Amino acid sequence: MIERFSSGFHPFVLPFLAGMIFVLGYCVYGIVRILFQLSGEDRKKFLVSLVTPKTFVKNIRDIFCDCLLHVKLWKRNRLLGYMHSSIAFGWFMIILLGHIEVMLFLPERIHLFYYPIFFNFFVAEADSTIQGSLLFFLMDFFLLVILSGIGLAMVKRVRSRLFGMRRTPRPSLLNQIGLYSLWAIFPLRLLAESFTAHISGGSFLTIPANWVFRQFLGNDLNMLPTWWAYSIALGVFMSVLPFTRYMHIPAEMMLIPMRNAGLKVRNARKGFARVQVYACPNCGVCIDACPMSVDKANLKDCTVYLTRQLRRGNERRIAEISDKCLLCGKCEAVCQVGVEGPKLRVLNRAERKYAVKADYSDIPTGTLAGAAEGGKVLYYSGCMSQLVPSIGRSMESLFRKAGVDFCWMDRDGGVCCGRPMLTAGRLEEAREIVRKNTEIILQSGADTMVVSCPICYKMFTEEYSLPGIRVVHYVHYMEELLEQGRLVPRRGDLCYVYHDPCELGRGCGIYEEPRRLLGRLSSIAEAEKNRAESVCCGGSLGSLSLSFAKREKITRAALDNLYTSKADAIATACPLCTATFARYADRPVRDLAEIVDLYTDGKLKPDTI
């Protein structure tokens, strides 16, 4: 290869240079700003993780798999995965191969960062080499891969169902400019490299195209406009990138090492939360996943629109979207980059100021604690279990059948676990409840605390510090009693479909244990959507503004999903789900405690308990 221009420069690269300098400057400014928004502890943790060998390797692997190959999207839908990875990985490979070309043939130009991008314009092929031929072939191959991805992206705009998506977000004006400039980049690159293929060389894609073009546009002056157009398309894309969905490209590369460093979202608008907002790719996968999307009026209340409004600073819409959400966590479960939509909403709710402060100081601890003295097991049913009293009665029956020395902490009412206050964004009030309950529990003399409500269980395991006390969900405890032989199972004749409660499944990662427990007592069928993609019952305490009538649509959609199993009855492990489904279900709805109590006998005789 020889240089065609001794200066190594041509004015057509200026649009690209301007766009590149702008986006690099914006990213550097953004990184510095975000680092200063982190707390001193988080900033130190993040910076140390960058030089920790194990974390460094994990960062590289995750960036490669998530940002370039889009492995999570491949698992969700192969066509969608190929579309994204063909563009991302293909573009990466073209940039990499361009740098290899410069290092091999003109290493003295490697400091010019536009040179690898426009290499074929600046050089002429003097001699054919194996190295050169291989690089030309790979360049054409990856360009073809990218073009196939661009073609699929165009199809997706009009036929999104082919990609497993019923709905996609409506792009803003800037997003449309970014989209169309991105689509233009690679066809223009093909045109530009094809026009110069007889000079700088090419392969199976650019050589035939060059032959066709030269039949009609034989003058070499025709090549310059295509290189200008290619540079302008690059410049436009990079100039609008910080203000569009495509900011997720650099943002995700910062999000991954921050997450791997163990950082948590602590502020609604700053630090790690801000990185998550910009890392949202606006793909719209969360729209179909959101249980509220059964009603078209709620389509613009999904996480993809929350992140958009957070970037715009639209306080009215931020409050509306944050308040309406059920906090079921399904958007986070399906998100390819792991945007924590529920946490962002809770922290935005916490920005709100209330004139009234809650005070729990007058609640006595002695009376409740005294009732628990001498009991090794403390049973906490939770407020929602008051909606389904049979759960508490079934648990009491199971304790007695198994000969468990227990005390029912909130039989006649007690202090809420605090999660409703927490999800409402009233964080200090929630902490006060936690302090009050902690006093009661620690004074109880119990060494095990059994919780039957998953909402409470998540709260006790994440927000409480109870040294010396094992907090266990009733599913695990009932399994222990069966394994110890303290409960003897009998086989029922009904087939159950198990509904995964949001807080127990997506919230605590407990999916298999309830099925294993239920499977010892009856046959089980699976709904079409289950485990991490289970559909919220609609009764969630998370929403502050969703009306009862609108919740009914969500509940019926969740029931329709469960009906796909053809099961005789519905089983779940949440009092709120049980009560909500029971209103509209056309078949029996039972909590796991009721089922276990129904199909088990005690090893001890009643008079010995």
Side-chain angles (χ1 to χ4, degrees), residues 19-38 42-43 45-47 49-50 55 58-73 84-85 87-89 91-92 95 169 171-172 174-175 177-179 181-182 237-286 302-313 318 331-332 334-341 343-345 347-348:
M20 178 61 78
I21 291 169
F22 172 73
V23 77
L24 286 176
Y26 189 95
C27 288
V28 170
Y29 167 75
I31 291 170
V32 172
R33 183 182 180 190
I34 286 165
L35 286 175
F36 276 98
Q37 288 174 349
L38 296 175
D42 280 352
R43 185 162 54 246
K45 185 189 295 185
F46 173 61
L47 295 175
S49 74
L50 294 179
T55 310
K58 187 175 181 353
N59 290 340
I60 297 299
R61 184 192 66 199
D62 289 351
I63 288 172
F64 191 81
C65 291
D66 295 344
C67 300
L68 298 180
L69 297 182
H70 292 276
V71 172
K72 293 178 184 176
L73 282 179
H84 283 85
S85 61
I87 298 172
F89 183 68
W91 200 353
F92 168 76
I95 294 171
S172 63
L174 280 175
N175 276 330
I177 293 172
L179 175 69
S181 61
L182 176 63
F237 177 72
M238 286 184 284
S239 296
V240 300
L241 183 144
F243 316 109
T244 67
R245 54 176 289 190
Y246 300 103
M247 188 60 189
H248 82 88
I249 299 171
E252 190 177 356
M253 288 190 284
M254 189 172 186
L255 172 70
I256 289 171
M258 281 188 157
R259 179 179 291 127
N260 289 343
L263 268 60
K264 304 295 182 184
V265 176
R266 305 185 190 281
N267 187 290
R269 311 291 175 88
K270 297 178 180 179
F272 190 38
R274 190 170 187 84
V275 176
Q276 289 199 22
V277 168
Y278 279 90
C280 174
N282 275 229
C283 60
V285 170
C286 59
C302 302
T303 298
V304 62
Y305 288 103
L306 173 65
T307 58
R308 185 180 292 184
Q309 300 306 332
L310 282 169
R311 293 181 66 171
R312 293 175 179 173
I318 291 169
C331 58
E332 183 179 348
V334 302
C335 180
Q336 63 170 338
V337 299
V339 174
E340 298 173 277
K343 286 187 179 179
L344 292 177
R345 287 173 168 88
L347 288 171
N348 275 289

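We number each residue from 1, following the sequence as shown. These numbers were taken from a predicted model, which means no experiment stands behind them.
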Taking distance alone, no hydrogens or angles, what donor-acceptor pairs closer than 3.5 Å link side-chain atoms of residues 62-69 to residues at least two apart or in another chain?
unit_1, atom_1, unit_2, atom_2, d
Asp62, OD2, Lys58, NZ, 3.0
Asp62, OD2, Asn260, ND2, 3.1

Legend entry - Residues which pass side-chain contact (heavy atoms from CB on, under 4.5 Å) with Pro169, listed by chain and number, not counting sequence neighbours: Ile287, Val304, Tyr305, Arg308
Inset, instruction - Would you please name every residue forming a side-chain hydrogen bond (donor to acceptor under 3.5 Å, both in side chains) with Thr55, sequence neighbours left out? - result: none
Inset, instruction - For residues Asn59 and Pro257, report the shortest heavy-atom separation together with the two atoms involved. - result: OD1-CA, 3.4 Å
Inset, instruction - Kindly give the heavy-atom pair with the smallest separation between Leu38 and Gly271, and that separation in Å. - result: CD2-CA, 4.0 Å
Inset, instruction - Specify the closest pair of heavy atoms between Phe272 and Leu263, including all atoms of both residues, with the distance to one decimal. - result: CE2-O, 3.4 Å
Legend entry - With Tyr26 via ring-ring contact (aromatic ring centres under 6.0 Å, His included) - residues at least two apart: Phe243
Inset, instruction - To the nearest 0.5 angstrom, please state how far the CG atom of Asn348 sits from the CG atom of Asn267. - result: 9.0 Å
Inset, instruction - Give, for atom CE of Met254 and atom CZ of Arg274, the distance between the pair rounded to the nearest 0.5 Å. - result: 11.5 Å
Inset, instruction - Find the distance between CE (Met238) and CG (Leu24) and round it off to the nearest 0.5 Å. - result: 8.5 Å
Legend entry - Cys335 vs Val285 side-chain heavy atoms within contact, under 4.5 Å: no
Legend entry - With sequence neighbours excluded, residues passing side-chain hydrogen bond (donor to acceptor under 3.5 Å, both in side chains) with Arg266: Asp42
Inset, instruction - Drop me the distance from Glu252's CD to Met247's CE, to the nearest 0.5 angstrom. - result: 12.5 Å
Inset, instruction - Would you name the heavy atoms of Gly341 and Cys331 that are closest together and state the gap between them? - result: CA-SG, 4.4 Å
Legend entry - Non-hydrogen side-chain atoms of Ile34 and Phe46 separated by less than 4.5 Å: no
Legend entry - His248: partners by ring-ring contact (aromatic ring centres under 6.0 Å, His included), with sequence neighbours left out: none
Inset, instruction - Of all the heavy-atom pairs spanning Cys286 and Val334, show the shortest one and how long it is. - result: CA-CG2, 4.2 Å
Inset, instruction - Mark yes when over 12 heavy atoms from residues, nucleotides or ligands other than Lys270 sit less than 6.0 Å from its NZ; otherwise mark no. - result: no
Inset, instruction - Provide the closest heavy-atom pair for Val337 versus Pro281 in the form atom of the first, atom of the second, distance. - result: CG2-CD, 3.9 Å
Legend entry - Counterpart residues, side-chain hydrogen bond (donor to acceptor under 3.5 Å, both in side chains), relative to Arg311 (two or more places apart): none
Inset, instruction - Could you pull out all residues at least two apart from Arg312 that satisfy salt bridge (Lys or Arg N to Asp or Glu O under 4.0 Å)? - result: none
Legend entry - Sequence-distant partners of Val240, side-chain contact (heavy atoms from CB on, under 4.5 Å), two or more places apart: Leu174, Ile177, Thr244
Inset, instruction - Under the salt bridge (Lys or Arg N to Asp or Glu O under 4.0 Å) rule, collect the residues that match up with Glu340, sequence neighbours excluded. - result: Lys343
Inset, instruction - Would you give the length of the straight line joining atom CG of Leu241 to atom OG of Ser181, rounded to the nearest 0.5 angstrom? - result: 9.0 Å
Inset, instruction - Drop me the distance from Arg43's CZ to Met258's CE, to the nearest 0.5 angstrom. - result: 10.0 Å
Legend entry - With sequence neighbours excluded, residues passing ring-ring contact (aromatic ring centres under 6.0 Å, His included) with Tyr246: Phe237
Legend entry - Min side-chain heavy-atom separation Thr303-Arg345 under 4.5 Å: yes
Legend entry - side-chain hydrogen bond (donor to acceptor under 3.5 Å, both in side chains) involving Arg245 - partner list, sequence neighbours excluded: none
